[in-house]
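Presented below is the structure to which this report refers.
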Amino acid sequence: MLFRSKRTPAAAFRIAVQLVEEGLISQTEALQRVSSSQLMNLMFPRFVTDGERDVLTTAIAASPGAAVGHIAFTAERAVELAASGMKVILVRKETNPDDLAGMVASVGILTSRGGKTSHAAVVARGMGKTAVCGADELLVDAHTRIATFANGRTLNEGDVISIDGTTGEVFAGEIAVTASAVTQYFNGELAPQEIMADPLVRAVDHLIFHADSVRRMRVRANADTAEDAARARRMGAEGIGLARTEHMFLGARRELVERLILSETETETRHALDALLPLQIQDFTDILEAMDGLPVIIRLIDPPLHEFLPDYTALAVKVAVAEARGESSDADTKLLAAVGRMHESNPMLGLRGVRLGIMFPGLFALQVRAIAEATAVRLLEKGDPHAEIMVPLVATVAELEPVRREAEEIIASVAAKYGVEMHIPIGTMIELPRAALTAQRIARAADFFSFGTNDLTQTTWGFSRDDVEAAFFSDYLERGIFGSSPFETIDPYGVGELVRLAAAKGRSIKPDLPLGVCGEHGGDPRSIHFFDEVGLDYVSASPFRVTIARLEAARATLAAGTQSSTA
């Protein structure tokens, strides 16, 4: 009787390299015998034992790994607990950009809503942190600071839980965790002798360097801070494919953007811009320094307008209560009226991206000036900056053209001011079906295309990724309607066909038009094969998935070569 057993990911890498060293297979064949999913499995911390565990719930495994920490129900509390030296698990109904500081401070994230492409999941994977999402049986009450599970069991803030982002399980209490030597290697934390002494790390080192010599597509990172950029570079990123500037306007800076959007006089606008400019210059200077010599694509501000305005309902209640008490404030009443004028029923399809830049031109102009100033500063410091500007959510070339003209004027004025020469390409995201269908027109005003496949998937399918995954995606998968989530792996027949069409249309106008992808699909193995087939120049992934993309891009090149040789 024959017994078959699957090799562990660690064994797959070790055996592949051993066979190469024994002359039994080539390095190329060794690459074909391992997978990026196996590599990812090796890069996360894991629980040490499989002993008895107190399972509280099982939900969506959103970001692999194992994490143990004290519960915090708000980002502010997570920061406080982490500052006191405690490990923290941030527990929320769902996260949003305002929670970023708490997510950074936490070792893991648990949400009762969302799925693998929710805000919590995407940010967690980008940071290499463990996340479990869509625990819909979990009731999270941030006011009473109590989490209630399906069996009625409750946990309070400060209680310890353990979460497994590989299985989606949540446990009460602490389970021992061990770190990943492979991640330590990619982070540059291991000395050469330590690499050679560990058979697994040595095997990974051997194959990843061969992958870099084989692959056609380049690999960049999605990074928004100098720290993320430096980490991505250690992971092997060859530039930044997406720097999301909206993440730079959180915390105290949000009030400055709010003041800019709500300003009614030129003086108010100027004060807000003057306060923001030096902050943005420093942001971009730091990122360009971290990525010196490599391309950095900076996306102009793209979030829905409401993310920078006070909550309309909360403000209306505040004004109503004040009026009832005879304590009404002219400032609050005026603010409520302004927010009411800008209130949107569907903000994700409202005043955001290039639309926001056209309606509030001072904001885009501020960012372009800051990018140009930061580039000039780095040039005068004898650096080698390669900034590129990306205009988001363009649906028609008529939107891109005026933004480009203004940007070119600002860049020219800054260059003259500092007495330097600089070339800053201006391109756009292709993230709307109309943009894909009219790509030949848009290409006339764009120096590059980057496919924003997150929004392109939403707008093509008519899905809100933060709502539908937990609502019915699991049923769709079970019924066979989906083979996989279109937010995880590119839909080749719909969204993918738009990417293929836009790439062809763009290059029909500019044969050398640089093409890349910066959506979450840029780090997905199956999607990487599709992007290689379509002819994109690079994929951009979260820092933690850069190594995955490096390996899979090589496997895609090899697969394409095999197919062409047998055709």
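Owing to the predicted nature of the structure, the values given are computational and were not obtained by experimental measurement. Just so you know, these numbers use all the heavy atoms, side chains as well, and skip hydrogens, waters and symmetry mates.
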Exercise. Say you draw a straight line from CG of Leu273 to CD of Gln367; how long is it, rounded to the nearest 0.5 Å?
Worked result: 10.5 Å

Exercise. Would you say Arg215's side chain and Ala556's backbone share a donor-acceptor pair under 3.5 angstrom?
Worked result: no

Exercise. Quick one: side-chain hydrogen bond (donor to acceptor under 3.5 Å, both in side chains) pairs with a partner in residues 121-134, sequence neighbours left out?
Worked result: Arg125-Glu520

Problem set entry | Selection residues 221-233 - residue pairs positive for salt bridge (Lys or Arg N to Asp or Glu O under 4.0 Å), sequence neighbours left out | Asp224-Arg244

Problem set entry | Test log, rule side-chain contact (heavy atoms from CB on, under 4.5 Å), inputs Val182 and Leu39 | CA-CA 9 Å; Val182 173; Leu39 178 58; 4.2 Å; yes

Problem set entry | Pair Ser26, Thr28: side-chain N/O donor-acceptor within cut-off below 3.5 Å | no

For this session: Using a strict cut-off of less than 4.0 Å between a Lys/Arg side-chain nitrogen and an Asp/Glu carboxylate oxygen, indicate whether Arg405 and Glu408 qualify as a salt bridge.
Result: no

For this session: Examine distances only and state if a side-chain atom of Thr428 and a backbone atom of Val391 form a donor-acceptor pair shorter than 3.5 Å.
Result: yes

Problem set entry | Residue among Met429, Gln458, His521 satisfying side chain to side chain contact (heavy atoms under 4.5 Å, CB included) with Thr453 | His521

Exercise. Does any pair with a residue in residues 277-288 pass salt bridge (Lys or Arg N to Asp or Glu O under 4.0 Å), and if so which ones, sequence neighbours excluded?
Worked result: Arg253-Asp283

For this session: Return the set of residues passing salt bridge (charged side-chain N to carboxylate O under 4.0 Å, His left out) with Arg352 (not counting sequence neighbours), or none when no residue passes.
Result: Asp302, Asp455

Exercise. Is the backbone of Phe487 close enough, under 3.5 Å, to the side chain of Thr457 for a donor and an acceptor to pair up by distance?
Worked result: no

Problem set entry | Residue list, side-chain contact (heavy atoms from CB on, under 4.5 Å) with Asp205, at least two apart or on another chain | Tyr185, Ile195, Phe209

Problem set entry | Charged N-O contact under 4.0 Å between Arg218 and Asp537 | no

Exercise. With sequence neighbours excluded, what pairs up with Phe249 under the ring pair (Phe, Tyr, Trp, His ring centres under 6.0 Å) test?
Worked result: none

For this session: Please indicate whether Arg216 has more than 12 foreign heavy atoms, meaning atoms of other residues, nucleotides or ligands, lying under 6.0 Å from its CZ.
Result: yes

Donor-acceptor pairs under 3.5 Å, side chain of residues 294-301 to any protein atom, not counting sequence neighbours: which ones?
{"unit_1": "Arg299", "atom_1": "NH2", "unit_2": "Glu246", "atom_2": "OE2", "d": "2.4"}

For this session: Could you pull out all residues at least two apart from Tyr418 that satisfy ring pair (Phe, Tyr, Trp, His ring centres under 6.0 Å)?
Result: none

For this session: Return the set of residues passing ring pair (Phe, Tyr, Trp, His ring centres under 6.0 Å) with Phe482 (not counting sequence neighbours), or none when no residue passes.
Result: Trp461, Phe473, Tyr476

Exercise. Distance-only, no hydrogens or angles: does the Ser527 side chain make a donor-acceptor pair with backbone N or O of Gly523 under 3.5 Å?
Worked result: no

Seminar exercise, completed: With sequence neighbours left out, the residues meeting salt bridge (charged side-chain N to carboxylate O under 4.0 Å, His left out) with Glu401 are none

Problem set entry | Residues which pass side chain to side chain donor-acceptor pair (under 3.5 Å) with Asp384, listed by chain and number, not counting sequence neighbours | His386

Exercise. At their closest point, which heavy atom of Pro392 faces which heavy atom of Phe364, and how far apart are they?
Worked result: CD-CZ, 4.2 Å

Seminar exercise, completed: residues 425-453 vs salt bridge (Lys or Arg N to Asp or Glu O under 4.0 Å), sequence neighbours excluded, gives Arg404-Asp447

